[in-house]
Amino acid sequence: MPEPNAELSSRQVEHVARLARLGITPDEVDRYRDQLRKILHHIEALNRADTTTVPATAHPLEERNVMRDDVREACLPVEAALENAPSREDSYFKVKAIQE
Amino acid sequence: MSAIATRYEVVVGLEVHAQILTESKMFCGCSTDYLIAPPNANTCPVCLGLPGSLPVINRKAVEATIRTALALNCEIPEFSKFDRKNYFYPDLPKGYQISQYDLPFSRRGYLEFDIKGETRRCGITRVHLEEDTGKLLHAGTIDEAQSSLVNFNRAGVPLMEIVSEPDMRSADEAREYVMRLRAILQYIGVNNGDMESGQLRCDANVSLRPEGATEYGTKVEVKNMNSFRGIHRAIQYEIERQSQVLDTGGKLVQETRGWNDARGLTVSQRTKEFAEDYRYFPEPDLPPLDVSREWVDEIRATLPELPAARRDRFIHAYGLSPYDASLLTSARPMAEYLEDSVRRGAPAKTAANWILGDFSRLLNADHKEIQDSAIEPEHLAQLIQLVDSGAISGKMAKQIFEEMYRAADPGPALEQAKGSSQISGDAELERIANQVIAENEKSVMDFKAGKEQALRFLIGQGMKISKGRANPGRLQEVLASKLVNPR
Amino acid sequence: MRLFQRTIHDLHQMLVDREISSAELTESVLAQIEAVGEKTRAYLLVTRDLALRQAKAADERLKRKRDVAPLTGIPIALKDVLCVKDVTSTAGSKILKGFLPPYSATVVERLEADGAVFLGKTNCDEFAMGSSNENSGYWPVHNPWALDRVPGGSSGGSAAAVASGEAIAALGSDTGGSIRQPAALTGIVGMKPTYGRVSRYGLIAFASSLDQIGPMTRDVVDCAVLLQAVAGHDRRDSTSSQRPVPDYLATLRNGVKGMKLGVPKEYFVAGMEPAVEQSIRDAIGLFEQQGASIEEVSLPHSDVALPAYYIIAPAEASSNLARYDGTRYGFQAGSGRNLIDEYMQTREEGFGAEVKRRIMLGTYALSAGYYDAYYLQAQKVRTLIIEDFKRAFTRVDALLGATSPTVAFPLGAKTQDPVAMYLNDIITIPANLGNVCGVSVPCGLVDGLPIGLQIIAPGFREEVALRVAYAFEAATEFHKAQSPLLGAAA
């Protein structure tokens with residue numbers, strides 16, 4: 001496992017930005033790296049807490065088994081579903097072709 | 001093929017995705033009838049991933065998943081939850097798929113199937129529940145198109161993923177596994193088994209290793225098979241391709257390859273620029289689930305007789321061969337057809353021969369299933385009765401069956417067959433009645449002493465003499481009048 | 001006193017008595033928006049026509065004396081993170097510019113059913129990420145008490161609107177202090193209910209396990225009234241609790257005599273302004289005079305709440321904000337060479353710096369190899385914080401502390417230093433992580449700037465927090481202080 005205390009590198013920032021589909025310029029890479037380093041440095045305080053026998057919070061609520069019956073409900077009118085689409089063709093959403 | 005098998009051991013694991021038969025989607029009330037709806041007509045804020053919308057779990061989908069897991073002999077943990085699988089793709093509206101990661105509804109089961117008369121057991125790693133994605137329409141091929149069109153009608157349809165252990169050792173085994181699995185899913189009513197339309201989908205992980213090796217070889221994932229035949233051919237192709245690479249000293253790359261059915265080969269689907277990192281984490285919008293033993297028992301109680309048990313019963317109670325019994329139980333409608341025919345008086349073996357023989361041949365040619373045919377078990381039982389009684393020859397029966405099959409209503413063809421061979425003439429019926437009375441003195445005495453049921457026996461004897469051709473109603477009249485007023 | 005200066009309960013009586021109409025009241029508030037809107041910039045969108053239409057309908061109900069609810073005819077502002085059908089809802093982000101939701105949030109439907117009047121959508125930090133409102137994708141909000149200062153955030157527009165008379169009350173959302181901190185900085189009452197008390201359906205998500213909608217009002221009675229209207233189970237939000245909602249007004253005036261109130265020693269953080277600390281100590285003294293017993297308690301994991309929050313919230317946000325890809329709604333760059341490029345450009349141009357920072361932080365914390373060290377560790381720390389509160393609440397009925405360690409700071413003072421900005425929420429974040437509720441009430445002024453007292457009660461015990469808050473308010477005059485924008489109009 002990578003060492004969490006290791007300083008965040010520019011390459012990691014680029015990798016994370018790509019994972020998150022965020023375009024960033026080379027200038028920004030360094031700026032985000034420095035800011036994130038500072039934030040991460042602050043976050044290292046997490047390790048001050050002894051959690052060896054502590055379970056992670058599964059969910060903030062104590063509720064369990066919240067389910068609904070298998071019943072159909074009205075859908076949106078097609079026009080309402082597509083109303084906000086920046087690009088469309090007939091009743092389809094239109095996107096650029098997927099080419100990696 | 002055999003030459004390959006002696007040099008390399010084939011290792012196959014399968015991931016089967018099965019859409020669950022529910023009325024509404026996994027996390028919203030939209031209809032699941034996505035195949036017939038106009039584009040994007042079956043959508044709402046939830047399945048479109050609109051800002052602010054939230055999922056609510058469909059109980060029926062959860063129960064169907066647990067039912068499937070029980071049918072596959074899985075363990076059902078007492079605690080389960082949903083997780084988010086994060087990745088970007090235009091058919092994935094939220095930028096994540098709600099799925100299950102480390103605490104699925106079930107794990108560690110198995111599925112048994114027969115291969116060359118021997119029973120094999122394949123481990124089931126897990127059965128988990130997730131939501132299906134939307135569908136992309138490419139103008140032209142995926143490589144040439146400038147744009148794609150997105151339809152979210154399928155997005156959010158409940159989907160089970162059934163993951164096997166890498167326990168299969170040939171394309172035959174893989175095909176057999178999927179056939180068995182499909183039968184089970186249909187039997188328990190969770191999936192319609194339709195591979196062509198993608199409601200049941202199968203991906204295969206195929207690798208080779210030298211005979212005797214313990215480490216697995218480089219794994220290739222094969223996708224896009226949409227029939228049993230396709231699965232078999234794709235895996236077989238992949239085995240041969242991989243062994244050729246290895247034979248010529250090449251190295252295999254871990255990749256995803258798509259099966260092209262028309263060309264009969266697998267094609268590399270561009271290796272990704274960098275490894276996917278799905279960043280799974282627990283879905284905060286859905287509280288976890290406690291799966292109580294009482295709930296599991298309730299679900300277990302709804303399980304019908306499974307194919308394996310039915311197959312054993314067909315062998316022992318009906319005297320069918322293991323091979324026939326397996327085939328007949330591979331699809332629930334077919335097994336039920338046989339049972340219905342037997343219930344209507346047809347001998348099981350004869351009915352089985354019809355179903356697996358002429359009937360299947362005709363259905364296959366038309367790409368139809370037995371439940372699509374107008375010929376009911378009742379019709380089949382009557383036809384068999386005509387042959388067994390000698391009223392018509394086997395050859396004639398085959399012709400009549402095909403006529404029945406082609407007709408919108410099989411009734412007239414069957415009636416005609418009965419009518420053309422029936423004896424209704426008084427003279428001949430009298431001759432038969434006389435012979436019956438002469439040969440069954442005791443029953444005649446019984447009848448005269450007041451035992452009404454003796455008449456039933458005598459009619460039966462008459463039918464036998466006439467090889468079933470006598471009109472039973474007329475025969476009864478003639479017999480009765482002779483017995484009451486003996487000349 | 002002009003109509004827009006009054007409280008909900010006050011106006012309700014006037015409406016019921018037919019002393020005023022909702023139309024007059026609404027016009028009065030709309031006129032105040034006209035007058036000071038350019039100074040506070042509290043609204044992103046004023047729905048004037050909708051408000052007048054709703055006011056007219058409310059007047060019908062009032063005239064017929066049928067279906068009259070405490071909010072019938074009351075003009076309310078909605079934070080822009082709440083979806084309103086066919087009304088532009090952007091969460092303060094350019095990536096949602098022009099987005100017209102085809103549906104309304106559950107809280108919006110409930111207010112509509114009660115006959116409330118919607119004034120418009122209030123400005124906020126983009127996707128509710130911020131403590132100063134300077135992260136709005138559109139423009140910053142100015143504090144009505146001092147226009148060169150921030151109103152706090154992220155519900156800064158809602159806070160400024162209530163503090164300036166541009167709304168009688170408002171709804172905000174609180175993920176790490178986003179209702180309480182701006183309430184404190186603008187001298188109003190703001191409550192973060194317990195997670196699960198109010199439906200999140202239709203709330204544009206920031207961090208799903210922490211977000212909660214709550215009231216922002218001029219006094220504690222109004223706070224109880226508005227909470228009452230929106231609280232309760234919603235079948236469309238699986239995380240909304242099925243627990244019954246108590247009558248918040250029934251116990252409001254029971255006083256604090258005999259109650260045990262805890263003072264967490266960790267809440268007097270380093271860097272707290274002396275005037276803030278003094279106000280809180282004075283408030284504690286006042287409770288003692290009123291017959292409450294005061295006890296110092298310890299919430300030992302308070303110091304790791306902020307780091308845990310800055311893992312959990314960005315991690316959830318990184319996933320919640322993945323849907324903004326320009327395909328189905330919102331901004332689309334349109335210039336990408338291919339789809340990935342298009343996604344990257346859309347998100348680069350559509351999101352602001354702080355949102356991008358948090359998406360990257362969250363993506364990193366969830367990525368392969370870091371999950372255990374960051375996300376899992378943070379969720380374990382969350383368990384410790386929940387246990388801290390549970391332990392404290394076995395000894396006391398409620399906890400007292402400051403809402404914010406400082407008063408409103410000048411615009412631009414902390415924009416260059418994310419960590420300094422994050423420290424604003426150091427005393428509000430534990431209540432979000434700990435599944436408890438908290439309310440901020442005005443408890444003093446220093447150099448003309450408001451100070452907030454935070455009262456924290458156990459999960460689903462909002463009535464306890466409100467009762468303590470009311471006792472304080474009834475014994476003090478702080479809530480009557482009006483911002484120059486509000487008071488000058490008198």
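A, B, ... follow the sequence lines: proteins, then strands. Residue 1 opens every chain. Values below: all heavy atoms of this structure, side chains included; hydrogens, waters and symmetry mates excluded.
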Honestly, the part of A308(C) sitting under 4.5 Å from a heavy atom of chain A is both
Would you check if N435(C) and E62(A) make a side-chain contact, meaning some heavy-atom pair closer than 4.5 Å? no
Counting heavy-atom pairs under 4.5 Å with chain C, which one of V66(A), L61(A), L82(A), L22(A) comes out on top? L22(A)
Side-chain heavy atoms of L40(A) within contact of L361(C), under 4.5 Å: yes
Measuring from I43(A):CD1 to Q377(C):CD, what's the distance to the nearest 0.5 Å? 12.0 Å
Identify the two heavy atoms, one from S87(A) and one from Q332(C), that lie closest to each other, and give their separation to 0.1 Å. OG-OE1, 2.8 Å
Under 4.5 Å heavy-atom distance to chain A, tell me which part of Y324(C) shows up: side chain, backbone, both or neither. neither
What heavy-atom pair brings R357(C) and L36(A) nearest, and what distance separates the two atoms? O-CD2, 3.8 Å
With only heavy atoms counted, which part of A365(C) is less than 4.5 Å from chain A, the side chain, the backbone, both or neither? neither
Do H42(A) and Y310(C) make a side-chain contact, defined as non-hydrogen atoms from C-beta onward lying under 4.5 Å apart? no
Using side chain to side chain contact (heavy atoms under 4.5 Å, CB included) as the criterion, list what pairs up with D341(C), not counting sequence neighbours. R337(C), N338(C), Q345(C)
Select one option (side chain, backbone, both, neither) describing which atoms of E73(A) are under 4.5 Å from chain C's heavy atoms. side chain
Taking all atoms of both residues into account, what is the closest heavy-atom pair of A45(A) and V304(C), and its distance? O-CG1, 3.3 Å
Do you know which of L433(C), I359(C), V419(C) has the most heavy-atom pairs with chain A at a distance under 4.5 angstrom? V419(C)
Can D303(C) and R48(A) be counted as an ion pair, charged N to O under 4.0 angstrom? yes
With a 4.5 Å cut-off on heavy-atom pairs, point out which of V13(A), T57(A), V95(A) contacts chain C the most. T57(A)
Please classify the contact of E349(C) with chain A as side chain, backbone, both or neither, using a heavy-atom distance under 4.5 Å. neither
Side-chain donor/acceptor of K380(C) to backbone N/O of D50(A), under 3.5 Å: no
Between the NZ atom in K96(A) and the OH atom in Y343(C), the distance rounded to the nearest 0.5 Å is 11.5 Å
Between Y103(C) and L76(A), is any pair of side-chain heavy atoms under 4.5 Å apart? no
Heavy-atom closest contact (N47(A) atom, A373(C) atom, distance): OD1-O, 4.5 Å
By a 4.5 Å heavy-atom criterion (distance strictly below it), what part of L306(C) contacts chain A: side chain, backbone, both, or neither? side chain
Specify which of G196(C), G98(C), A322(C), A353(C) makes the most heavy-atom pairs with chain A at under 4.5 Å. A353(C)
Closest heavy-atom pair and its distance - A20(A), T363(C): CB-OG1, 3.6 Å
Nearest-0.5 Å distance that lies between atom CE in M360(C) and atom CG in L19(A): 11.5 Å
Around R72(A), counting heavy atoms of other residues, nucleotides and ligands shown, do more than 12 lie under 6.0 Å from its CZ? yes
Ignoring hydrogens, what is the shortest heavy-atom contact between H301(C) and A49(A)? Give both atom names and the distance. CD2-CB, 4.5 Å
Measuring only between side-chain heavy atoms, which start at C-beta, is R382(C) closer than 4.5 Å to P60(A)? yes
In terms of heavy-atom contacts, does CZ of R37(A) have more than 12 from other residues, nucleotides or ligands at under 6.0 Å? yes
Side chains of I340(C) and R18(A): closer than 4.5 Å at any heavy-atom pair? yes
At what distance, to the nearest 0.5 angstrom, does CD1 of I39(A) lie from OH of Y422(C)? 4.0 Å
So do L100(C) and E83(A) actually touch side chain to side chain, heavy atoms under 4.5 Å? yes
How about E63(A) and Q242(C): do any of their side-chain heavy atoms sit closer than 4.5 Å? yes
Is it the backbone or the side chain of H41(A) that comes under 4.5 Å from a heavy atom of chain C, or both, or neither? neither
Contact part of S241(C) toward chain A, heavy-atom cut-off under 4.5 Å: side chain, backbone, both or neither? both
Sort S318(C) into side chain, backbone, both or neither according to what part of it lies under 4.5 angstrom from a heavy atom of chain A. neither
So does P418(C) get a backbone contact from the side chain of Q35(A), meaning a donor-acceptor N/O pair under 3.5 Å? no
Please flag which part of L321(C) lies under 4.5 Å from any non-hydrogen atom of chain A: side chain, backbone, both or neither. neither
Run the numbers on T239(C) and H59(A) for side-chain contact (heavy atoms from CB on, under 4.5 Å), then give the verdict. CA-CA 9 Å; T239(C) 67; H59(A) 195 273; 3.7 Å; yes
Mind ranking P77(A), A58(A), P55(A), A80(A) by heavy-atom pairs under 4.5 Å with chain C and telling me who comes out on top? P55(A)
For Y375(C), enumerate each residue passing the ring pair (Phe, Tyr, Trp, His ring centres under 6.0 Å) test, keeping only those at least two apart in sequence or located in another chain. F281(B), Y371(C)
Counting only heavy atoms closer than 4.5 Å, note whether F351(C) contacts chain A via side chain, backbone, both or neither. side chain
